[in-house]
Protein chains: 2
Amino acid sequence: MAKKAEQRRKQILKAAFQAATEKGYESVTLQDIADYADVSKGVTNYYFKNKSDVFTQLFEWITTRIYEKEAASISEQETAIGKLEAYIDRVFISPEENKNFYRVYLDFLSQVKNNVSYKEINQKFYENCWSIGREIIHQGLEEEIFEVDDVEQTAISIRCMIDGSLIQWLMRDDDQLHDYYRTACYESILKILKYKK
Amino acid sequence: MAKKAEQRRKQILKAAFQAATEKGYESVTLQDIADYADVSKGVTNYYFKNKSDVFTQLFEWITTRIYEKEAASISEQETAIGKLEAYIDRVFISPEENKNFYRVYLDFLSQVKNNVSYKEINQKFYENCWSIGREIIHQGLEEEIFEVDDVEQTAISIRCMIDGSLIQWLMRDDDQLHDYYRTACYESILKILKYKK
DNA sequence: CAATTTATTTTGACCAGTCAGTATAAAAGA
DNA sequence: TCTTTTATACTGACTGGTCAAAATAAATTG
């Protein structure tokens, strides 16, 4: 029974995600979600406390998923450079694949200031991101190819660079620029790490 | 008379801005705007075609204002380092002063994908930002303290770093971190510029 | 096994409230 | 007086959330 409920919950979250990608966070209605999930309107209220509850859980799901994919990508690599490359490639995954994820994530970001839960979820996401940065830095220090004096600050800066590049890429929304921003981001991070090849 | 009209327009835009900072972009109503401007609802509809028109003009006003303040800050400085410092200081201006500007800007960013006008306005803003970056880079190259091979790409990366740092700072929303992010951003950009002191 | 009861899930009509936009009235200014 | 500007009233569309009733599934009993 709990299995069925969990399945329904996921189904509704996916519908909410799809609705959000196509209509934008704020303008999504409970009816939209129900339509995308192919159920009637009441179901959403049966499985979720209210609309806000749906979106809170969706935000958590999205940030967790982004992190897990990133973490999985770097763990497949042995070297610092390999990890960093895998990381950036995952962030700038081919147009359309993860683009929607980051678009909806940006939607949520703009809501963080109005919602304490969102802020906490995002804080957790940041901490996950920083841990990825630390892992890459430590590996690079071990290999003696990076020169970093403040590991924590550098890990934070890496994510700043990634988010900044990602957003600028998303905003310009030109598939031609995909490679450009991925490369620019990657090379900037190498400089921040004072990479000596 | 045209002067009076222009004044009213600005008054309404300011009211819309204030409403947006306090209630968030999407949930602002025409009534809110009228209330903040201390006029009746009819006035807004008299001076603007519709709600979307108000926000489009507000977005243009905000991005222009952010750019102008940044440009003014760096033009007061002679040296590359002076310009860069002034630039970053302007971006990370004391909590509350320009914070609201960037918050509302972020609100607009999340709407760019649904609105062609927003996209164009933001594209123009980016170009202005990049021109600031170029100016600093050129100055630093003249002084022979930076080492940059692709000026354009580096100018873009500088703004990525700024936006990324800014957003992370805004999201964490802890006044204690103000200095931290300003410094981290500044130092990262120096590394991207391969600054040799 | 079949009949019946109970529990769970789903439906869609409905309500009270909000909104953008319009229409109209009032006021101010030329 | 006539035009411009501001205030108020109204409308029609849409929203989130509620709820009683229907449908379905599970459990119980004879």
Side-chain angles (χ1 to χ4, degrees), chain A residues 1-60 104 107-108 110-111 114-118, chain B residues 1-60 104 107-108 110-111 114-118:
Chain A
M1 283 319 89
K3 187 150 258 167
K4 174 84 179 295
E6 185 55 27
Q7 201 177 330
R8 263 273 185 272
R9 225 180 52 88
K10 268 280 161 60
Q11 178 190 8
I12 291 166
L13 284 184
K14 276 183 184 172
F17 171 69
Q18 203 181 339
T21 59
E22 293 185 19
K23 308 203 165 196
Y25 174 82
E26 274 278 8
S27 59
V28 171
T29 69
L30 289 174
Q31 190 61 61
D32 289 332
I33 298 174
D35 290 347
Y36 277 105
D38 247 323
V39 293
S40 80
K41 208 186 139 198
V43 175
T44 306
N45 281 81
Y46 183 77
Y47 288 97
F48 295 86
K49 223 170 59 226
N50 49 35
K51 190 183 168 182
S52 155
D53 187 31
V54 177
F55 280 107
T56 302
Q57 295 195 35
L58 177 60
F59 189 31
E60 196 149 22
V104 177
D107 258 349
F108 278 113
S110 73
Q111 302 296 322
N114 310 312
N115 189 316
V116 181
S117 304
Y118 287 8
Chain B
M1 284 319 87
K3 189 150 257 167
K4 173 85 178 295
E6 185 55 26
Q7 202 177 329
R8 263 272 187 274
R9 225 179 53 88
K10 270 279 164 63
Q11 179 190 7
I12 291 167
L13 284 184
K14 276 183 185 172
F17 171 68
Q18 204 181 338
T21 60
E22 294 185 19
K23 310 203 163 196
Y25 174 83
E26 273 279 9
S27 59
V28 171
T29 68
L30 287 176
Q31 190 62 60
D32 290 331
I33 297 173
D35 289 348
Y36 277 106
D38 246 325
V39 294
S40 78
K41 212 184 135 192
V43 177
T44 307
N45 278 324
Y46 182 75
Y47 287 99
F48 294 88
K49 223 169 61 224
N50 51 37
K51 191 183 171 182
S52 156
D53 187 29
V54 177
F55 280 107
T56 303
Q57 295 195 34
L58 177 61
F59 189 31
E60 196 149 21
V104 177
D107 260 348
F108 278 112
S110 74
Q111 301 297 323
N114 310 312
N115 187 317
V116 181
S117 303
Y118 288 8

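Side-chain atoms are counted along with the backbone in the values below, which use heavy atoms only and exclude waters and symmetry mates. Each chain gets a letter, A, B and so on, in the order its sequence line appears, and its residues count up from 1.
Using a distance-only test at 3.5 Å, with no hydrogens or angles considered, a donor-acceptor pair links the side chain of A/Q11 to the main chain of A/A37. The main-chain N or O of A/V28 is found under 3.5 Å from a side-chain atom of A/K51 such that the two form a donor-acceptor pair.
Between B/F108 and B/F59, the ring planes are parallel. Angles under 30° get that label, and only those over 60° would be called perpendicular.
The distance from atom CZ of B/R8 to atom C1' of C/dA28 is 12 Å, rounded to the nearest whole Å. If you take CD of B/E26 and C1' of C/dT18, they are 14 Å apart, rounded to a whole angstrom. A straight line from CG of A/D35 to P of D/dT15 spans 10 Å, rounded to a whole angstrom.
When the side chain to side chain contact (heavy atoms under 4.5 Å, CB included) test is applied to B/N114, the partners found at least two apart in sequence or on another chain are B/Q111.
Counting only residues at least two apart or on different chains, the side chain to side chain donor-acceptor pair (under 3.5 Å) pairs with a member in residues 34-47 of chain A are A/E22-A/Y36, A/Q31-A/D35.
A close approach under 4.0 Å does not occur between any side-chain nitrogen or oxygen of A/Y46 and OP1 or OP2 of C/dT10. For A/Y47 and C/dT10, the shortest distance from a side-chain N or O to OP1 or OP2 is below 4.0 Å.
In this structure, of D/dT8, D/dT5, C/dT10, it is C/dT10 that holds the atom nearest to the side chain of A/V43.
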Full working for side chain to side chain donor-acceptor pair (under 3.5 Å) between B/T29 and B/D32: CA-CA 5 Å; B/T29 68; B/D32 290 331; 3.2 Å; yes
Summarise how protein sits on nucleotides 19-25 of chain C as a single string, 5' to 3': B when a protein heavy atom is under 4.0 Å from the base, S for sugar-phosphate-only contact, - for no contact. SBBB---
